[in-house]
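This is the structure I have questions about; it appears just below.
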Amino acid sequence: MFIQVVAILLALGLLMFFAYRGYPVIVFAPIFTLLAVLISGLALMPSYTETYMVNAANYIKTYFPIFLLGAIFGKVMELNGAASSIAQTIVKGLGSKRAILSVILACGVLTYGGVSLFVVAFAVYPFASAIFREANVPKRLIPGTIALGAFTFTMDALPGTPQVQNIIPTPYFGTDAYAAPVVGIIGGVLVFAAGLIWLERRRKQAELAGEGYGTNHKNEPELAADQQYPNIWLAIVPLVLVLVFNYLLSRGFLTVNNWYSEELLKTFNIASVKAVSSTWALIVALCIGIVAAICINVRQVNNKLAAGLTAAAMGALLAIFNTASEVGFGNVVKTLPGFKVIQNWILGLSSHPLISEAFAVNILAGVTGSASGGLSIALEVMGKQYMTAAQAAGISPELLHRIASMASGGMDTLPHNGAVITLLAITGLTHRQSYKDIFAITVIKTLTVFLLAVVISIF
């Protein structure tokens, strides 16, 4: 049994190491999966074709529309200038005295409106750089500021956020994107407040030390003086439409739960509409948002639409296949003899399902360097156990959803995380210069999740 546990830990360690080194997960996840299978003495080819590939394909089938439409929506909001208009308005409106707060809010509005995290980083960075320079705030604080605004409370805490981390738990727990709204709002406010306090403290320390924006930086953006952006009220229309229709289709009078009869759904092997309703609602909402985003600046979008759609599709394909590879990895691992030991260890960290779930999701998100990947593996492997334990303890599935979603955005932002690496590349900074603040935000987010889980377990 020791060798079989080592096989799993070795495979996980190698996957983490190669992901950190920048190697494609799509290539190496199946290789390390089969290494674990080989060491465990199980059949290689059936494990690959019938477990790994089947589960990876099922994940793609379920979530590809969200990845694709989310990427397209973000790209169109970038092409039509709406994302930049929103960022510019918020940053300039609050001014240089509130430089950090303005960047956080700009990122938060865009992320909560459905714009992908990478597009948010690209859209906000030029304005963040300008306002930080004007306020004489060190540039090295920009990545931590963007991370707080885009990677935390609006990604997975606030109810209704259309980011995929808030959608993944829905089929496992029969919930929707608005699960446990009170807990989500409280958690989001705590993360926002604690993160802002940390960053402002860091700014004041730099000010006392006489450190300014700095010189000789890489990737310094240039804002064109004659750049024209859509009016702010027009720019936010697509975001509002996504949020409104996502709610109406999830819980409002247009709910997709009433669109089809149970008899019809059974012909498509859909046992319960709750398993797909959140995905359907978000698909329709994003389509409405995309059409609106194109319409507010047709001429500007039309000139770049073909190239933009290609870039969005390629980005969506890479993201979904990376995550699906990790899901396939997790599903093979859970069939290995040694996994029972690891599973019992994780479940044994706490007798309360919410605390145990927070541990499981955080650990796997940290190992894989992916919020969606770690969340998917944890719920694929242990979702049923947590649901059973929660029902026995009288805990709402909505709480399982919200804690799992928020936990995925905790330790995922370790140094090998793809979003962290991309963010540092966009800003022209290094891990040595800026990762300390990103890690602080990571710790704040992780502690907040456990605080919520412990408080809920007490009451």
Side-chain angles (χ1 to χ4, degrees), residues 12 59 152-153 155-159 161 163-184 186-188 190-191 274-275 278 323 326-327 330-331 333-334 339-368 370-414 442-459:
L12 281 169
Y59 184 88
T152 60
F153 61 99
M155 183 180 83
D156 51 44
L158 296 185
T161 175
Q163 300 299 328
V164 71
Q165 291 82 2
N166 188 41
I167 304 300
I168 288 174
T170 58
Y172 298 97
F173 304 131
T175 52
D176 58 35
Y178 295 86
V182 175
V183 173
I186 292 173
L190 288 174
V191 172
K274 287 187 176 182
S278 292
T323 308
E326 292 167 344
V327 170
N331 275 276
V333 164
K334 76 178 183 181
F339 179 74
K340 197 66 178 178
V341 176
I342 297 174
Q343 183 183 36
N344 290 337
W345 174 75
I346 293 176
L347 292 173
L349 291 172
S350 173
S351 59
H352 198 278
L354 293 181
I355 299 175
S356 177
E357 181 188 51
F359 272 117
V361 175
N362 256 301
I363 290 169
L364 290 170
V367 168
T368 60
S370 167
S372 56
L375 178 60
S376 298
I377 292 174
L379 296 186
E380 281 284 350
V381 171
M382 290 178 282
K384 290 182 179 179
Q385 287 95 322
Y386 288 131
M387 187 65 171
T388 301
Q391 289 173 340
I395 297 171
S396 168
E398 292 201 358
L399 291 173
L400 282 174
H401 172 133
R402 187 56 53 207
I403 293 298
S405 183
M406 290 187 66
S408 74
M411 297 305 292
D412 68 309
T413 44
L414 290 177
T442 297
V443 172
I444 288 170
K445 182 71 180 334
T446 303
L447 292 177
T448 300
V449 174
F450 282 106
L451 175 64
L452 290 171
V454 169
V455 171
I456 294 170
S457 69
I458 293 173
F459 296 100

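Here the structure is a predicted model, which means the values were calculated and not measured. Index from 1, following the sequence.
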Pro169 vs Leu375 side-chain heavy atoms within contact, under 4.5 Å
yes
In residues 448-456, what donor-acceptor pairs under 3.5 Å come from side-chain atoms, sequence neighbours left out?
| from | atom 1 | to | atom 2 | distance (Å) |
| --- | --- | --- | --- | --- |
| Thr448 | OG1 | Ile444 | O | 2.7 |

Partner residues of Thr388 under the side chain to side chain contact (heavy atoms under 4.5 Å, CB included) criterion, sequence neighbours left out:
none
What's the spacing between Phe153 CZ and Met406 CE if we round to 0.5 Å?
11.0 Å
Looking only at non-hydrogen atoms, find the nearest pair between Glu357 and Ala404 and report the distance.
OE2-CB, 3.4 Å
On a heavy-atom basis, the closest approach of Gly188 and Leu158 is CA-CD2, 4.4 Å
Test your reading of the model: is there a side-chain donor-acceptor pair from Tyr172 to the backbone of Met387, 3.5 Å cut-off?
no
Looking at Ala365 and Ala371, what are the two nearest heavy atoms and their distance?
CB-CA, 4.4 Å
Would you say the side chain of Pro181 lies within less than 4.5 Å of the side chain of Glu398, judging by non-hydrogen atoms?
yes
Are side-chain heavy atoms of Leu399 and Phe173 found at a separation under 4.5 Å?
no
Could I get the full list of side chain to side chain contact (heavy atoms under 4.5 Å, CB included) partners for Thr170, not counting sequence neighbours?
Ile167, Thr175, Ser278, His401
Taking side chain to side chain contact (heavy atoms under 4.5 Å, CB included) as the test, write out the residues that go with Gln385, two or more places apart.
Gln343, Met382
Set of residues satisfying side chain to side chain contact (heavy atoms under 4.5 Å, CB included) with respect to Ala390, sequence neighbours excluded:
Ile395, Leu400
Excluding sequence neighbours, so at least two apart, what forms side chain to side chain donor-acceptor pair (under 3.5 Å) with Tyr178?
none
Ala358 and Ile403 have their tightest heavy-atom pair at CB-CG2, 4.0 Å
Is the side chain of Asp156 donor-acceptor paired with the backbone N or O of Gln165 at a distance under 3.5 Å, no angle test?
no
Are Lys384 and Leu379 packed together at the side-chain level, in the sense that at least one heavy-atom pair is separated by less than 4.5 angstrom?
no
Atom pair CG/NZ of Asn362 and Lys445 - distance to nearest 0.5 Å
8.5 Å
